[in-house]
Structure formats: structure tokens, C-alpha cells
Amino acid sequence: MGKKDRKDFLDSLFGPNIFPHTRPAVIAGPCSAESEEQVLRSARELLAIGIKVLRAGVWKPRTLPGGFEGYRETALGWLTAAKEKTGILIGTEIATAEQARLALEHHLDFVWIGARTTTSPFAIEEIGHALSGHDIPIFLKNPIAPDLALWHGALLRLSRYGHTKVIPVLRGFRLGDKGGLRNSPLWYLMREFRALNPSVPVFCDPSHIAGRADLLPEVIREASLQDYDGLMIESHPTPHTALTDAEQQVTPQKLRELLSAWADPLTSHHTPLYDFRQHLRVIDDELIRLVAEREQISLQIGKWKQENGVESFQSTQNEQMEEDRHTYALQHGADTKLVKALFRLIHQDSVAIQDHIKKNR
Ligand code: PEP
Ligand code: MN
């Protein structure tokens, strides 16, 4: 099972002439449907650059209440009008059984399930049931938390309702990182997903991973090197006026340029070594986050000791810690010498942080 199966799968979604065979399959469109004109203009400009499948959110799941939550059924009408006028295929995000029903009633060509919804097995169950009997393509974004079982479980749940056209979409994970990308991609999770379903094509949503238009190229490049089959990407005729996710949207013209950076698989340097390095990078990022968290705790210990007149370094406490670390390293098959050396450094750092507080009292 390989690329050929994935191409056949893609062709089965909307017919053979919708996604070009030589480039990634692309679904694009605004984060939110904002007016009949905006949807129609998006459709025309996307068709002009060869994109035949339009996405637009009509129910917007907002983290905080009170913001713009989409034009709902009215916006579904704008989508169907754009389809009638231009022939573009249309889809939106659904999060409830009622929305699923409305999507069918408006003859949408596909739906997607957002990150917040994939997190809830009850919601997936209800959507699967509401869509049953209609083998409509369902794009399934990863859940907010990096939990492969939850994501894969959602696919299995949907397939129990007879859905065979379920396509996972990597949109990144909310890990509380500061700076850089909006959501950490954790590419290895999609690789694990792929290993479970080798004949299923996979999509990347670079917009919600990057969070900023200027960071899109690096995410798209990565997706191409990792041989993703398609992209779901946000594109707006006038990004600066967008009601949601303005910073990450690009015009269709700009999108065309971005897509030209898709690496040719024949000339790219995608090797297993590349994958291993990616995996190491993810682990190293995690280590760094933990070091930062640990340093914060050392700082609090330092403050407490200073207020209570306790010395920074206490040798009995340290010996006990070293012994515990040694046993733990043995249990997990880690190199005990490395662990010892590492914790000497970490401990020195902790003492230095505490001493610094004492000196600056
Ligand atoms: C979106 O695609 O506009 C969206 C809200 O996606 P996600 O569920 O990935 O946040
Ligand atoms: Mn969005």
C-alpha cells in the first residue's frame, strides 16, 4: 500500500479531475464566510489558480465567548450560491449533529471536524450517526492535545457509522509554547497515524500550525518533505479585513506562490535520517520546556529558603536524589552515567539560582 492507493483514495473523494496528480491536493478558502460577495470572490480567485475545493467556516468555535461565531445558516446559503455560480466544491466545519444535518441539507461536498470537536468522543459519535448513510468526505483535524489514540479513535468511531472517506489533517497541538509557531506540529504523531492507516491520504493545515502568514513557507516545505498528500489552507481575498485568523491568511495570488515551493519528491532529500532527526527535535523541545519549568520551581524554592533562613545546598537531600535518579534510570534503560552527569549540571544550576536570590536580597 503506498502512494498509488492514496491517490486512488483522493480521486474517490470528489472524482478524478478535482485534485491534480502532480501537485498536492489543495482545499483553500477563508477562515470564516463573511458575506456572499467574499465567498463568491474567494471561489472565483481560487478557481483561477486551479483550486477547485473551497473551505469556509460558518460555525466558528471560539475559545472565548462573545466573539464572532459565524453567520451560520445564512452563510451556508452563500456557499451554495458560490457553488451554483462557479461550480466550486464546498465544505465547512461541523461540530454537532444539528450542524451535520444542515450540512447535508445544503448538499455540501465535504465537512471537516475541528480540533476542539475531535477531542470529544460523544460529539464524534453524534456526528458519525447524523451523517450515516451519506459517505461524505470528512476531514478530521487532530485533537488539541497530542493524543494519538483519541485522534485515531475518532476515525474508528466514524468508520463504525459506515464512513470510509475520513482524512486526517494535522493542524498542530496547543502545548503552551511561547513564540514561534501558533501550534506545535509534532510531525511524528501524523507519522504514527499513517503507520496505522497506510492507504489513507493525509493533509496538513499549515495555517493553524503557523498562525502567521510569514511562517507558512517553512510549514508547507516540511509537509512536502514528509510527503503529505494535501493541504487545507486559509486564503482570503483581503486578509487584513478578515474577521477571524487575519494574521495567518493569504490572498489566492500569494497562495499560488507558496504552493510553488512544494518540493518535488524526486529531488527532495527525504531519508529516514531526516525523520529520526525530526523526532529528536521534538524530544529536545520537550526537554527544554521541562528544564524551564524546573528552573521556575528552583526559583520558588530559593525564595522560600531565603524567607525561612535555610541554606541553598543540603547534602543529605542531594544524595538521596542522586540515588533515586540512578534507580529510575536503570528501570527505564537509560545510561546511568549520562543521567548522573546531567543531573549534576541540573543540580548546580538549581543551587546557582537559589544563591543568586540570596545575594540579591
Ligand atoms: C478552522 O479551520 O478555521 C479551525 C477553526 O480549525 P481548528 O479546528 O484546527 O482550530
Ligand atoms: Mn481559522
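Counting starts at 1 for both ligands and their atoms, following the listed order.
The aromatic ring centres of F139 and F203 sit less than 6.0 Å apart.
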Report every pair formed by an N or O atom of ligand 1 and a protein N or O atom separated by less than 3.5 Å, giving atom names and the distance to 0.1 Å.
{"unit_1": "ligand 1", "atom_1": "2 (O)", "unit_2": "R55", "atom_2": "NH1", "d": "2.6"}
{"unit_1": "ligand 1", "atom_1": "2 (O)", "unit_2": "K141", "atom_2": "NZ", "d": "2.9"}
{"unit_1": "ligand 1", "atom_1": "3 (O)", "unit_2": "R55", "atom_2": "NH2", "d": "3.0"}
{"unit_1": "ligand 1", "atom_1": "3 (O)", "unit_2": "K60", "atom_2": "NZ", "d": "3.0"}
{"unit_1": "ligand 1", "atom_1": "3 (O)", "unit_2": "H208", "atom_2": "NE2", "d": "3.3"}
{"unit_1": "ligand 1", "atom_1": "3 (O)", "unit_2": "E234", "atom_2": "OE2", "d": "3.1"}
{"unit_1": "ligand 1", "atom_1": "6 (O)", "unit_2": "K141", "atom_2": "NZ", "d": "2.8"}
{"unit_1": "ligand 1", "atom_1": "8 (O)", "unit_2": "A115", "atom_2": "N", "d": "2.8"}
{"unit_1": "ligand 1", "atom_1": "9 (O)", "unit_2": "K141", "atom_2": "NZ", "d": "2.9"}
{"unit_1": "ligand 1", "atom_1": "9 (O)", "unit_2": "R171", "atom_2": "NE", "d": "2.6"}
{"unit_1": "ligand 1", "atom_1": "10 (O)", "unit_2": "R116", "atom_2": "NH1", "d": "3.1"}
{"unit_1": "ligand 1", "atom_1": "10 (O)", "unit_2": "R171", "atom_2": "NH2", "d": "2.7"}

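Across every non-hydrogen atom of A82 and T86, the tightest pair is O-OG1, 2.7 Å. Contact between F14 and D109 at its shortest, heavy atoms only, is CE2-O, 3.5 Å. Closest approach of F110 to I136, counting heavy atoms only: CA-CG1, 3.8 Å.
Protein atoms that are N, O or S and lie under 2.8 Å from the Mn ion (ligand 2) are these: C31 SG, H208 NE2, E234 OE2, D245 OD2.
Proximity of P185 to F173: side-chain heavy atoms (C-beta onward) are nowhere separated by under 4.5 Å.
Counted by atom type alone, E222 and Y228 present zero donor-acceptor pairs between their side chains at under 3.5 Å.
Ring geometry for H332 versus Y328: interplanar angle of 30 to 60°, hence tilted.
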Exercise for review: Evaluate side chain to side chain contact (heavy atoms under 4.5 Å, CB included) for R116 paired with K141, printing each intermediate quantity in order.
Suggested key: CA-CA 9 Å; R116 295 158 191 80; K141 302 252 195 127; over 6 Å; no
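Crowding of E293 atom CD: a count of heavy atoms from other residues, nucleotides or ligands under 6.0 Å not exceeding 12.
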